[in-house]
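We count residues from 1, following the sequence as given. In listed order, ligands and their atoms are each counted from 1.
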Amino acid sequence: MKILFVTGNKNKVVEAAAALRPLEVEVEQIDYDYPEIQHDTLEPIAAYGARHTAEYLAKQSFARFGGVKLRLPCEPKVRETDGLPSVKSCKNEVFARYLEDSLPEISRRIGDSARYLKCFIFQKDFQKTVIVEDAGLFIPALGGFPGPYSAYVHDTIGNGGILQLMRQLPNRGASFKSVIGLCRHGEEPKLFTGIVEGTITAEGRGTGGFGYDPIFEPKERDGRTFAEMNTDEKNQYSHRARALRKLVEYLKKQMQ
Ligand code: ITT
């Protein structure tokens, strides 16, 4: 099975690939800049992104389908009498409906049997499993800031700016949260959440990881920041790894 991870952040893909490898789930990065809605929590942002991207990729596949159609014989080799079910009983109802609604002229020109076969040929390509992930650093002493604005804040004031804001503040508690949105075209998005508690360090430490890793020290560990750990170590505790584990459980059940 392959999952398409829609993100501009290669580090996220490395972490997801490591977590999903034991399940033999391949992770492929797609760098598509999906629109991010404004919200003060991460869940609706991830849900919207997942749904939007699944729809977008389905449309892309469908455009390709139009191209392939030109190379296929219009006279279907398989006849109705061979006992093939019609498009109405096609397993992939979403695709069948889409075909009927969107390309009536093609539907008229090819027989039901050909449509049925095409449903299966394109089912894999059409209903891609897409994940997006929205993550954020939440600092209670700063009223939850930067939260859903973590990417913008990191790009602007960076880790130095956060440390500056935290100067003199005795409560250095913080949490990282990850929300993974999974969606297939025509289905409702499913969300998987992971949180890791920790503290903001007095200064940045370590060269590994990315983003806020040098200034975040997870509670359950030995005082090192995420940037002082390798990917496997970070994956034992991180917010993303926790959300990914829930995703893995879900996929396992689906594969049974
Ligand atoms: P995409 O939206 O393209 O997936 P992004 O890096 O912008 O990539 P987010 O919006 O989810 O990802 O991340 C918000 C910010 O939090 C961003 O600056 C990240 O670098 C940072 N971040 C996310 N996960 C992190 C982690 O595991 N460790 C450190 N910083 C992290």
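Panel note: side chain Lys2, backbone Val25; no donor-acceptor pair is recorded below 3.5 Å. Judged by distance alone, the side chain of Gln29 and the main-chain N or O of Thr7 form a donor-acceptor pair under 3.5 Å.
The minimum heavy-atom distance linking Ala174 with Pro140 is given by the pair CA-CD, 4.1 Å. Here the closest heavy-atom approach between residue Tyr32 and residue His52 is recorded as OH-NE2, 2.7 Å.
For ligand 1, the 4.0 Å heavy-atom shell contains residues Thr7, Gly8, Asn9, Lys12, Glu36, Glu133, Asp134, Ala135, Ser150, Ala151, His154, Phe176, Phe210, Gly211, Tyr212, Asp213, Lys234, His239, Arg240.
Scored by the side chain to side chain contact (heavy atoms under 4.5 Å, CB included) test, Val248 finds Leu20, Leu23, Lys252 as partners (sequence neighbours excluded).
None of Arg21, Arg245, Lys234 except one satisfies the salt bridge (charged side-chain N to carboxylate O under 4.0 Å, His left out) rule with Glu15; the exception is Lys234.
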